[in-house]
Amino acid sequence: MTRLARSVLVDADVVRSRIAPLAPGAEHDAIFAARFADHFPTLHRLFGELYGARDDALEALTAVVGLAADSWRERPADLRELDARREAEPPFYLDASMLGGVCYVDRYAGDLEGVRRQIPYFTELGLTYLHLMPLFASPEGNSDGGYAVSSYRDVDPALGSMAELASLARELRAAGISLVVDFIFNHTSDEHVWARRAVAGEVVDGVDHSDFYLIYPDRTMPDAYERTTREIFPDDHPGSFVQLPDGRWIWATFYHFQWDLNYANPAVFRAMAGEMLFLANQGVELLRMDAVAFIWKELGTTCESLPQAHLLLQAFNAVLRMAAPSLLFKSEAIVHPDEVVTYVSQAECQISYNPLQMALTWEALATRDASLLNQALERRHALPEGTAWVNYVRSHDDIGWTFADEDAAELGIDGYAHRRHLNDFFVDRVPGSFARGVPFQDNPRTGDCRIAGTTASLAGVEAGDPLGVDRVLLAHALALSTGGIPLIYLGDEVGQLNDYSYRERPAEAGDSRWVNRPFRPSAAYDARTDPRATAGRVFAGLRRLIEVRKATPELGGGTLLPFRTPHRSVVAFQRPGWIAELPRVLVLANVGDTAVRVEALTLSGFDAAARDLLAGRSVDLRDGVALPPASVRWLRVTPR
Ligand code: GLC
């Protein structure tokens with residue numbers, strides 16, 4: 001029997017008849033019933049496609065719907081209100097007032113209580129979105145910065161408790177800030193109870209855990225898979241598998257203690273849906289969907305971005321739309337740009353990191369040539385309606401040169417050689433480089449390497465380059481003007497530098513990304529109002545950018561129209577705003593080390609009278625626009 005033919009065995013009526021006893025009251029709850037009617041057909045279809053060929057599919061689907069019904073019944077009143085509000089208003093994440101911040105709880109604030117005490121500062125900065133890096137229980141020592149989760153229902157006791165997280169979420173919401181946490185659903189730590197049960201082959205409450213992960217008795221299957229998969233953390237282990245003490249092999253894409261879950265087993269979907277619904281009811285408003293590209297494996301493929309990865313995301317969404325509709329997904333797919341966009345839609349991830357813009361901002365600063373960045377903004381920026389990019393200058397991770405080789409080739413650039421050059425530039429192996437980055441996962445076998453470093457260190461502040469601060473501001477000005485949600489790595493707004501002390505800590509010494517995860521730079525924060533200090537210059541510049549962005553509706557939404565100048569060092573584009581208002585904002589940024597003048601002729605498609613939003617004064621475009629080295633102008637212009 002074919003997969004599809006079998007899938008009809010997952011019978012919607014059977015599920016409907018089973019929810020009532022599983023979740024008493026659900027059928028009497030009009031809101032849930034309406035949402036169930038809207039979204040169950042989708043979930044049912046997706047289950048058919050993913051699991052239709054399995055005998056246990058119906059049982060898992062029934063259980064998932066039961067979980068959703070229970071979760072809705074337990075959903076706190078304030079979150080139900082939020083659900084209703086979000087359903088009634090246009091997508092809040094497209095508003096020009098959006099501003100994200102990200103930090104580690106321990107490094108930035110000590111613990112959750114410390115984060116709470118920072119709320120006044122977050123408000124001062126203008127945050128509307130706060131991503132707290134992984135804060136769940138995880139193994140002692142190296143836990144990949146918390147990305148190895150041992151329990152999704154327990155906060156790391158050193159940081160606080162789940163009850164504190166829920167109350168922090170409420171306080172943040174009252175301050176206009178949405179809480180974002182990671183949903184690390186591709187893998188768990190090897191200490192998670194599911195992992196222990198899988199190794200032991202235990203059946204608990206009727207659920208057989210032996211099939212929760214991908215475990216093989218010998219190298220036959222691992223060798224077969226590794227013919228087509230790539231190495232993600234080669235410094236830790238070659239390939240995608242690690243050996244268990246009993247000699248068997250288990251799939252571990254990242255660190256050896258991060259075991260990939262087996263989503264081909266519907267019981268895994270069901271278990272993870274339960275954890276997701278639990279987090280939804282703690283008041284988390286956005287889940288950062290970690291490592292989405294890796295969640296489905298199939299022999300003979302790269303095991304990245306397979307069609308089933310999308311079906312899984314859609315299925316998780318369908319579950320949420322029934323039980324916690326205001327919770328949204330952010331995609332973390334740091335892959336080829338063609339693939340990144342496939343995750344962004346109302347049905348999968350409503351928002352997504354924009355790794356291409358991030359990487360090409362650095363590429364442009366290094367080469368003093370904006371061609372690749374302009375090309376990407378022109379051709380790869382558009383997203384489906386109602387979705388948004390999260391534009392960031394850098395994250396807690398490394399920077400990888402994820403541009404498409406085909407795009408580069410059109411500009412006469414050889415992708416391989418260019419990546420090597422950029423790596424050399426950013427780790428200061430090129431004479432005259434302003435960057436002070438550190439290599440990450442330098443793989444001599446494949447020539448692959450990525451870059452770690454804070455914004456200020458990569459931009460030239462650490463090297464004492466006179467344009468360092470200007471480059472920090474330029475990079476942020478781009479993230480703040482291309483639409484969607486701009487995201488600041490907290491501490492970068494006061495120019496924090498690389499922290500080399502990780503080399504002294506055994507659990508971190510082997511992972512150079514810790515260089516760009518400094519502890520909260522208190523001295524820099526204290527100096528943020530001092531106009532002579534680097535911290536003060538960065539902070540004042542960024543504050544101005546934030547203030548102007550919030551007051552400029554044209555910078556909301558995500559639509560971007562190209563604009564061309566004859567200068568290779570000039571990034572140029574227009575922002576018509578969310579609902580294509582007139583006037584527009586024309587963004588001009590010079591990534592070069594020498595001044596440039598954009599001539600009146602180039603600007604002649606606009607009325608002469610324009611406004612320089614950052615300087616707060618009127619300008620006459622017939623005079624042309626001067627762009628000093630590493631500078632940005634946001635001009636409110638009216639097309640003729
Ligand atoms: C994501 C995280 C990264 C982590 C990996 C494995 O890429 O950003 O820090 O190492 O997932 O969870």
Side-chain angles (χ1 to χ4, degrees), residues 100 102-107 131-139 141-152 156 180-192 195 213 229-237 240 242 250-261 263 272 275 286-295 297 303-305 309 313 329-336 339-340 343 349 351-355 358-359 390 392-400 402 438 440-441 443 448 450-454 487 489 502 507-508 510-518:
V102 52
C103 65
Y104 284 90
V105 174
D106 55 343
R107 301 197 152 219
H131 173 198
L132 296 179
M133 295 293 295
L135 39 72
F136 302 101
S138 59
N142 188 0
S143 63
D144 189 20
Y147 280 97
V149 176
S150 302
S151 164
Y152 299 88
D156 174 350
V180 187
V181 302
D182 286 82
F183 194 51
I184 301 144
F185 70 123
N186 172 70
H187 45 264
T188 71
S189 87
D190 56 359
E191 293 180 4
H192 194 287
Y213 300 80
T229 57
R230 80 187 157 112
E231 289 181 353
I232 305 299
F233 279 9
D235 285 359
D236 184 67
H237 63 277
S240 305
V242 293
I250 189 160
W251 200 305
T253 300
F254 298 93
Y255 277 108
H256 59 276
F257 49 80
Q258 288 166 304
W259 295 353
D260 290 48
L261 287 157
Y263 277 97
M272 227 12 145
E275 307 309 273
L286 279 146
L287 288 177
R288 172 192 180 277
M289 306 301 278
D290 186 62
V292 285
F294 297 93
I295 55 180
K297 281 85 173 162
C303 298
E304 285 184 49
S305 290
L313 286 167
F329 287 169
K330 169 167 77 160
S331 161
E332 193 252 346
I334 312 301
V335 287
H336 188 285
E339 274 172 41
V340 174
Y343 292 97
C349 297
I351 63 174
S352 166
Y353 282 107
N354 188 353
M358 184 276 292
V390 172
Y392 60 117
V393 174
R394 61 92 164 195
S395 69
H396 67 290
D397 278 333
D398 48 292
I399 299 174
T402 57
V438 176
F440 175 66
Q441 301 291 334
N443 191 339
D448 194 21
R450 282 111 76 184
I451 300 298
T454 65
L487 176 61
Y489 191 99
Y502 76 99
E508 294 167 14
D511 189 331
S512 58
R513 292 173 300 176
W514 289 106
V515 84
N516 54 235
R517 302 165 179 176

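In what follows, every heavy atom counts, from backbone to side chain, and hydrogens, waters and symmetry copies are set aside. Quantities reported herein were computed from a predicted structural model and do not represent experimental measurements. In each ligand, atom 1 is the first atom listed, and ligand 1 is the first ligand listed.
- From the protein, the heavy atom lying nearest to atom 10 (O) of ligand 1 is Asp144 OD2, 2.6 Å.
- Atoms of ligand 1 lying under 4.0 Å from any heavy atom of Phe233, numbered from 1 in the order shown and given with element: 10 (O).
- Salt-bridge check for Asp397 with Arg517: passed, with a basic side-chain N closer than 4.0 Å to an acidic carboxylate O.
- Under the 30°/60° scheme for interplanar angles, the aromatic rings of His396 and Tyr104 are found to stand perpendicular.
- Of the heavy atoms in Arg288, only side-chain atoms (C-beta onward) come closer than 4.0 Å to ligand 1.
- Looking at His256 and Asp190, their side chains never bring a donor and an acceptor atom within 3.5 Å of each other.
- Protein heavy atom in closest approach to atom 11 (O) of ligand 1: Asp290 OD1, 2.9 Å.
- If you run ring-ring contact (aromatic ring centres under 6.0 Å, His included) between His187 and each of Phe294, Phe254, Tyr263, Trp259, only Phe254 comes through.
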Go through it in stages, so that I can follow the logic: the residues are Phe440 and Ile399, the test is side-chain contact (heavy atoms from CB on, under 4.5 Å), and I'd like the CA-CA distance, side-chain angles, deciding distance and then a yes or no. CA-CA 9 Å; Phe440 175 66; Ile399 299 174; over 6 Å; no
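- Defined by atom type and a distance below 3.5 Å, a donor-acceptor pair is missing between the side-chain atoms of Gln441 and Asp398.
- Proximity to His187 (heavy-atom distance under 4.0 Å) selects the following atoms of ligand 1: 6 (C), 12 (O).
- By the criterion of a heavy-atom distance under 4.0 Å, neither the backbone nor the side chain of Phe185 is placed next to ligand 1.
- Residue contact check: Glu332 has heavy atoms under 4.0 Å from atoms 1 (C), 7 (O), 8 (O) of ligand 1.
- Close approach of ligand 1 to Gln258 (heavy-atom distance below 4.0 Å) involves ligand atoms 6 (C), 12 (O).
- When hydrogens are left out, the protein atom nearest atom 9 (O) of ligand 1 is Asp397 OD1, 2.7 Å; that is the closest non-hydrogen contact.
- With 3.5 Å as the limit, one finds a donor-acceptor pair spanning the side chains of Tyr255 and Asp511.
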